[in-house]
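A short write-up of the structure that comes next.
Per chain, numbering begins at 1; letters A, B, ... match sequence-line order.
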2 protein chains.
Amino acid sequence: MSQTIEQIKSEFIEGMSSMSQFSGFPKGMGASFAVLYLSPNPLSLDDLVEHTGLTKGAISTNVRALARLGLVRSVSRLADRKDYYEAETDFYKAIRAILKERKNSEFDRAVSSVKSALAELEADSGSGDEAERLFLRKRLQALQSFFDAVDSLTSAVTRLEGLGLNTVQSVLKILK
Amino acid sequence: MSQTIEQIKSEFIEGMSSMSQFSGFPKGMGASFAVLYLSPNPLSLDDLVEHTGLTKGAISTNVRALARLGLVRSVSRLADRKDYYEAETDFYKAIRAILKERKNSEFDRAVSSVKSALAELEADSGSGDEAERLFLRKRLQALQSFFDAVDSLTSAVTRLEGLGLNTVQSVLKILK
DNA sequence: TACTACATTTAGTACGTACTAAACGTACAA
DNA sequence: TTGTACGTTTAGTACGTACTAAATGTAGTA
């Protein structure tokens with residue numbers, strides 16, 4: 001195997017590690033995905049250990065996380081006890097999965113807390129400073145409508161089956 | 001000032017803190033922004049210290065970070081040495097600023113590393129396993145076109161001056 | 001000049017978390 | 001049954017980072 005190809009590979013793996021870390025995921029997750037993405041055939045945990053330099057335990061948890069996100073699929077081979085994994089190559093599919101995952105996250109809880117705050121504000125409309133109450137209402141409503149827009153966007157994306165380049169391109173036309 | 005209004009405020013502050021943390025920013029950044037966002041008038045660092053419970057040092061760095069992202073503006077009052085700050089209320093504007101900021105980040109460096117990997121791959125086309133070289137090219141090209149789509153999207157957004165609800169809504173129509 | 005009221009920066013600390021090493025569980029094989 | 005080849009879980013560690021407390025600017029004021 002050529003020297004430069006190995007170089008290119010390991011640069012890519014490092015790049016995906018940084019990217020993963022930057023996005024809030026473990027570095028090892030990015031590295032594992034990168035290795036799988038550059039492999040023509042499914043790899044075992046031991047293969048990943050070899051190519052990433054991480055421990056089997058770390059690989060195990062990272063790959064499981066990737067699988068939960070839909071970025072990696074497990075492939076079982078008959079008459080082979082090992083689990084093999086391959087990378088998802090349809091990124092739009094993967095993005096949808098990640099967005100879906102995040103729906104139940106801390107982020108969404110915060111968003112819905114704004115909604116409930118507004119509801120409470122309307123509820124006991126008698127007490128407290130009336131001017132401040134009005135101001136708060138306005139601010140919270142503005143924030144909520146922003147959140148709603150973001151929410152509609154992401155949930156629209158997750159609902160899509162056939163999101164692909166053509167969809168993205170028509171969106172780009174509007175933004176142009 | 002009513003008890004329940006104070007409650008609503010502090011719940012909101014806590015929610016924004018969690019949200020901030022989840023998005024990869026310090027909790028204190030979210031808290032500072034939340035306090036400013038709920039205040040009818042600009043606040044000093046000492047005001048923020050009082051309302052968040054953090055130290056002045058922490059507040060200082062957090063507010064500066066918020067200002068760099070365009071989520072907060074400093075307001076100087078004549079004949080007053082204190083700096084005052086107010087929250088940006090146009091979130092679409094803020095989003096654009098954040099996206100712009102991220103253009104020079106680790107994320108983008110990783111993206112461009114894919115591009116250069118492809119270039120290198122084409123360059124020394126003589127050496128190494130030909131089948132693997134072809135496979136790598138295909139995979140890297142697929143990844144790059146995905147990154148390009150994302151990149152066009154975000155840079156289109158940052159270029160927009162008048163991005164608002166109407167734009168978002170027409171995008172939503174397509175995704176529908 | 002020295003003083004005051006700020007903001008910023010720095011040294012140190014506490015905490016979360018991704019990792020390693022090793023114990024454990026589990027299923028197939030002899 | 002024991003042995004073996006896996007994957008997973010756990011206890012401990014190392015590291016990054018957001019914070020506190022305190023020192024250090026810095027610009028107005030007497």
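- Put simply, the side chain of A/Ser113 gets close to the backbone of A/Ala110: a donor and an acceptor are under 3.5 Å apart.
- The separation between B/Tyr85 atom OH and C/dC6 atom C1' is 11 Å, rounded to whole Å.
- Not one side-chain nitrogen or oxygen of B/Ser60 sits closer than 4.0 Å to the OP1 or OP2 atom of C/dA7.
- With DNA chain C read from its 5' end, the first of the two nearest nucleotides for A/Pro26 and B/Asp80 is the one closest to B/Asp80.
- Residues satisfying the salt bridge (charged side-chain N to carboxylate O under 4.0 Å, His left out) test with B/Lys115, not counting sequence neighbours, are B/Asp148.
- For A/Gln141, the side chain to side chain contact (heavy atoms under 4.5 Å, CB included) partners at least two apart in sequence or on another chain are A/Leu118, A/Glu122, A/Arg137.
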Taking distance alone, no hydrogens or angles, what donor-acceptor pairs closer than 3.5 Å link side-chain atoms of residues 57-68 of chain A to residues at least two apart or in another chain?
residue : atom : partner  : partner atom : Å
A/Thr61 : OG1  : A/Ala58  : O            : 2.9
A/Asn62 : ND2  : A/Ala58  : O            : 3.2
A/Arg68 : NH2  : A/Glu101 : OE1          : 3.4
A/Arg68 : NH2  : A/Glu101 : OE2          : 2.7

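- In terms of the ring-ring contact (aromatic ring centres under 6.0 Å, His included) criterion, residue partners of A/Phe91 (sequence neighbours excluded) are, by chain and number, A/Tyr37, B/Phe146.
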Ignoring hydrogens and angles, write down the donor-acceptor pairs under 3.5 Å from the side chains of residues 70-78 of chain A, residues two or more places apart or on other chains.
residue : atom : partner : partner atom : Å
A/Arg73 : NE   : A/Glu86 : OE2          : 3.4
A/Arg73 : NH1  : A/Glu88 : OE1          : 2.6
A/Arg73 : NH2  : A/Glu86 : OE2          : 3.4

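- Chain A approaches DNA chain D within less than 4.0 angstrom (heavy atoms of the protein), and the contacting nucleotides run 5' to 3' from D/dT4 to D/dT9.
- Under the salt bridge (Lys or Arg N to Asp or Glu O under 4.0 Å) criterion, no residue pair touches residues 32-43 of chain A, with sequence neighbours excluded.
- Atom-to-atom, NZ of A/Lys82 to C1' of C/dC28 comes out at 15 Å; the value is rounded to the nearest Å.
- For the segment residues 61-72 of chain A, residues with any heavy atom less than 4.0 angstrom from an atom of DNA chain C are, sorted by number, A/Asn62.
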If you look only at distance, which donor and acceptor atoms sit under 3.5 Å apart when one is on a side chain in residues 49-56 of chain A and the other is two or more places apart or in another chain?
residue : atom : partner : partner atom : Å
A/His51 : ND1  : A/Asp47 : O            : 2.9
A/Thr52 : OG1  : A/Leu48 : O            : 2.7
A/Thr52 : OG1  : A/Leu54 : N            : 3.2
A/Lys56 : NZ   : A/Asp46 : OD1          : 3.3

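- When the salt bridge (charged side-chain N to carboxylate O under 4.0 Å, His left out) test is applied to B/Glu11, no partner is found at least two apart in sequence or on another chain.
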Atom pairs and distances, donor-acceptor, side-chain atoms in residues 20-31 of chain B, under 3.5 Å, two or more places apart:
residue : atom : partner : partner atom : Å
B/Ser20 : OG   : B/Pro26 : O            : 2.6
B/Ser20 : OG   : B/Gly30 : N            : 3.4
B/Ser23 : OG   : B/Met19 : O            : 2.9

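- Contacts between residues 35-59 of chain B and DNA chain D, defined by a heavy-atom separation under 4.0 Å, are made by B/Gly53, B/Leu54, B/Thr55, B/Ala58.
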